[in-house]
Asks: 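Handing you this structure, nothing more for now.
Just so you know, these numbers come straight off a predicted model, no measurement behind them. So you know, we letter chains A, B, ... as the sequences are listed, proteins then strands, and number each from 1.
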Number of protein chains: 2
Amino acid sequence: MTINDVARLAGVSKKTVSRVINNSPLLRAETREKVQKVIADSGFAPDPQARGLAFRRSFLVGMIYDNPSPNYVVNMQQGVLDAVRGAGLELVVHPCNRASDTFLSDVRGFIVRQKLFGVVMPPSVSEDERVIAILKEAECPYVRIASVSLDEPRHMVVTNDSSGAAEAARHLAGLGHRRIAFISGPDSFRSSHERGRGFAEGLAEHGLTLDPAYVRVGAYTFESGVEAARDLLAMADRPTAIFAGNDEMAIGVMKAARDAGLDVPFDLSICGFDDLPMASRVWPNLTTVRLPIRDMGRMAAEKLTASIRGLDAATLTQPEVRPSLVVRDSTAPLQGS
Amino acid sequence: MTINDVARLAGVSKKTVSRVINNSPLLRAETREKVQKVIADSGFAPDPQARGLAFRRSFLVGMIYDNPSPNYVVNMQQGVLDAVRGAGLELVVHPCNRASDTFLSDVRGFIVRQKLFGVVMPPSVSEDERVIAILKEAECPYVRIASVSLDEPRHMVVTNDSSGAAEAARHLAGLGHRRIAFISGPDSFRSSHERGRGFAEGLAEHGLTLDPAYVRVGAYTFESGVEAARDLLAMADRPTAIFAGNDEMAIGVMKAARDAGLDVPFDLSICGFDDLPMASRVWPNLTTVRLPIRDMGRMAAEKLTASIRGLDAATLTQPEVRPSLVVRDSTAPLQGS
DNA sequence: CTGAAAGCGCTTACAG
DNA sequence: CTGAAAGCGCTTACAG
């Protein structure tokens, strides 16, 4: 079944069938219906490769990422697919290593060769201006997901990490904690700074300041969380609450607390960020800040598909990404003070 | 840069350039080198859409899956990518819901429309003969990953779940346990039966039998693990060791043990299956059986790319997938008996 | 509002 | 061992 067969069956030219496929407005309603009936009856579906060749643009959406968390990746893929399916597009995944020598040429090759319909990028790829330059040069549409705005609105989904971190701060301060520590993610991630900034702001609302003596820099990994927490818990005036920059590290803090003979949350309150599935499996269940990762992927992909759906990207109401605090069992009121 | 430009620069016909691209043997070495030099100098890369249109076959490998575990999915994607990159192919992901009314027509549409180069399927999609029928009808190459052989060798990567489960049984029996329980996965998964069968065989080697009174059927989820373990631990002669069909359920068993006031591993040994990252984060660290999921994905994709690499799929040495026991802190010798 | 011609960048089938 | 012609299934640019 090709466009020629449909044209013959409908008694029109293939160009007219093409117009139906592409929702051209310059078509008599009657003609359109006639062709649509033949398409529906025959089960015809246009060949994406042929369309792509003629359009000089494929029907593939690429997701380029270096995020190490499987949960994050799968959830975001699912979100992108939510938007992409039904739009007649497919999702091509492209994990990468920004530290590799061939990183940029790999990414360029992928983008240029596949003539991608569009690209979605979560941090930290979304924060790499060299990748953006390649996309611009290739005139490839793209959307960046990041904790702070880095580009024009049509290219951005902003996740407001700072507001989530502020909520965590209010929660801990509201429980009466005063010696509150923060374990930051690595310097190279914007989110590390955004979460730290928001956390400090939230504390400030309660008249507290984030004492640099109670700040450690981790690597967003379990092990770095363990190490940072060991250090903090060995202090003379050890913190009574710790906010970790992500759940991986927060669960490392739990291990360090257990090793130090501290009861969580009685002796130490712990709060994470991300709400991994693991957060509600560990004991005690982890209080954390949830980011709607699937929604973020969907929103990003919807910006890409707006043109197909006949929408002006500017017309899209800009839905806000709001992190939200999920209070579980790893945080409790300050004891005996 | 197109094939025409290369042909002009090399002073040959575009058909000759095409022969170089496709590794045709009927080419004078001299001609081949001349063309290859132009290709290397110009950075030319053939357009996959144009090639695909002419070949009537795309350069996309599809991964179709309904596995709910993000870790499993991401690891397997990574394995497929290990094989697919460098072969000039891309990975298109296609999660699906086998319970959906539109499941089969969705999958058929995906396969037929994209003219996939090949498809890789983990369980339980790999166990669905209706999907296989569609693939055969579309003459689409495919590889099935499953716990037991279901097809000709060139279509299979077999994971020998039973041998891993047998290892778990030997481990627990070797620690002196006699009242050993098994929490099975759902009936609809072949792996549930394979793991149960292997476990029983391993026990038999130690002169033990798997008592049906100590068997429960779960759903491969955390919650079902909690529930099954509650039931087992409430027995008059409660088991001293539990083998859970996967890690999710094993971690549910941990929760049930904690709720029942039992110390793991002193009062109860627990063993899982999968070795999720979570297994080495929970407390105590979980003893489990590891499946080399990334390798499984790579091996499956290599069967698909064998033709490109000029290999006969039959020639491929069939690497064995061997699950391996990872002993951690959730299992210990039987106490006081 | 509709169509005939040319073309997207490659390969197949046929020659020589 | 190499090439000229026709074609893969669509769309663009131009007419009318």
Side-chain angles (χ1 to χ4, degrees), chain A residues 1-36 38-39 42-60 88-89 109 112-117 138-139 307-308, chain B residues 1-36 38-39 42-60 88-89 109 112-117 138-139 307-308:
Chain A
M1 252 296 164
T2 73
I3 198 173
N4 287 308
D5 302 320
V6 174
R8 193 168 27 75
L9 288 169
V12 298
S13 75
K14 68 191 205 184
K15 177 61 222 177
T16 296
V17 178
S18 170
R19 286 197 177 93
V20 172
I21 294 169
N22 292 294
N23 286 315
S24 161
L26 350 112
L27 261 183
R28 225 169 47 193
E30 196 187 327
T31 314
R32 179 187 308 280
E33 278 158 27
K34 184 172 59 181
V35 174
Q36 271 169 340
V38 173
I39 290 178
S42 64
F44 165 76
D47 181 327
Q49 309 219 64
R51 290 185 83 195
L53 182 59
F55 268 137
R56 290 157 194 74
R57 177 113 296 175
S58 78
F59 290 88
L60 303 173
L89 303 171
V112 171
R113 202 165 342 103
Q114 298 301 324
K115 299 206 183 77
L116 295 172
F117 183 87
E139 296 181 53
S307 61
I308 283 190
Chain B
M1 254 296 162
T2 73
I3 199 175
N4 288 307
D5 301 319
V6 175
R8 190 169 29 75
L9 288 169
V12 298
S13 75
K14 69 193 207 182
K15 177 61 224 178
T16 296
V17 179
S18 170
R19 287 196 176 92
V20 173
I21 294 170
N22 292 294
N23 286 316
S24 162
L26 348 114
L27 261 183
R28 225 170 46 195
E30 195 187 328
T31 314
R32 182 189 305 282
E33 277 158 26
K34 184 172 60 179
V35 174
Q36 271 169 342
V38 173
I39 290 179
S42 64
F44 165 76
D47 182 328
Q49 310 220 63
R51 290 185 82 195
L53 182 59
F55 269 137
R56 291 158 194 74
R57 176 113 298 174
S58 79
F59 291 87
L60 304 173
L89 303 170
V112 171
R113 204 166 339 103
Q114 298 301 324
K115 299 205 183 78
L116 294 173
F117 182 87
E139 296 180 53
S307 60
I308 283 189

Asks: If you look at every strand shown and take non-hydrogen atoms under 4.0 Å, does A:Phe44 touch a base, only sugar-phosphate, or nothing?
Replies: sugar-phosphate
Asks: Name the atoms and distances for all side-chain donor-acceptor pairs under 3.5 Å in residues 24-34 of chain A, with sequence neighbours left out.
Replies:
residue : atom : partner : partner atom : Å
A:Ser24 : OG   : A:Leu26 : N            : 3.3
A:Arg32 : NH2  : A:Ser24 : O            : 2.7

Asks: Using the closest heavy atom to pick a nucleotide of DNA chain C for each, name whichever of A:Phe55 or A:Leu27 lands nearer the 5' end.
Replies: A:Leu27
Asks: Dot-bracket, DNA chain D: Watson-Crick or G-U, under 3.5 angstrom, [ ] crossing, | other strand?
Replies: |||.||||||||.|||
Asks: If the condition is salt bridge (charged side-chain N to carboxylate O under 4.0 Å, His left out), which residues does A:Arg8 pass it with, not counting sequence neighbours?
Replies: A:Asp5
Asks: Looking only at non-hydrogen atoms, find the nearest pair between A:Arg51 and A:Phe59 and report the distance.
Replies: CB-CE1, 3.6 Å
Asks: Which heavy-atom pair separates A:Gln49 from B:Arg57 by the least distance, and what is that distance?
Replies: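 Scanning both residues, the minimum pair turns out to be NE2-C, 3.7 Å.
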Asks: To the closest 0.5 Å, what do you measure between CZ (A:Arg113) and OG (A:Ser58)?
Replies: 12.0 Å
Asks: Using a 4.0 Å heavy-atom cut-off, does A:Asn22 contact any base of the nucleic acid, only the sugar-phosphate backbone, or nothing at all?
Replies: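 Counting heavy atoms under 4.0 Å across all strands, the contact made by A:Asn22 is with sugar-phosphate only.
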Asks: By nearest nucleotide on DNA chain D, pick out whichever of B:Leu26 and B:Leu53 is the more 5' one.
Replies: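 Nearest nucleotide further toward 5': that of B:Leu26.
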Asks: What are the two closest heavy atoms between A:Lys14 and A:Ile3, and how far apart are they?
Replies: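 Heavy-atom minimum between the residues: O-CD1, 3.5 Å.
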Asks: Could you please spell out the steps behind the side-chain contact (heavy atoms from CB on, under 4.5 Å) verdict for A:Val38 and A:Val17?
Replies: CA-CA 10 Å; A:Val38 173; A:Val17 178; over 6 Å; no
Asks: Please list, in 5' to 3' order, the outermost nucleotides of DNA chain D lying under 4.0 Å from any heavy atom of chain B.
Replies: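 For DNA chain D, the relevant span reads D:dC1 to D:dG9.
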Asks: Please step through side-chain contact (heavy atoms from CB on, under 4.5 Å) for the pair A:Ile21 and A:Phe44, ending with a clear verdict.
Replies: CA-CA 10 Å; A:Ile21 294 169; A:Phe44 165 76; 3.8 Å; yes
Asks: For B:Lys115, which residues count as a salt bridge (charged side-chain N to carboxylate O under 4.0 Å, His left out) partner, sequence neighbours excluded?
Replies: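 Residues passing salt bridge (charged side-chain N to carboxylate O under 4.0 Å, His left out) with B:Lys115: A:Asp47.
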Asks: Strictly below 4.0 Å, heavy-atom distances to any atom of DNA chain D: list the hits from residues 10-17 of chain A, or just say none.
Replies: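 Residues of residues 10-17 of chain A that come under 4.0 Å of DNA chain D are, in numerical order, A:Lys14, A:Lys15.
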Asks: Show, in sequence, the C-alpha distance, side-chain angles and deciding distance for B:Asn22 and B:Phe55, and conclude whether the side-chain contact (heavy atoms from CB on, under 4.5 Å) test is met.
Replies: CA-CA 11 Å; B:Asn22 292 294; B:Phe55 269 137; 3.6 Å; yes
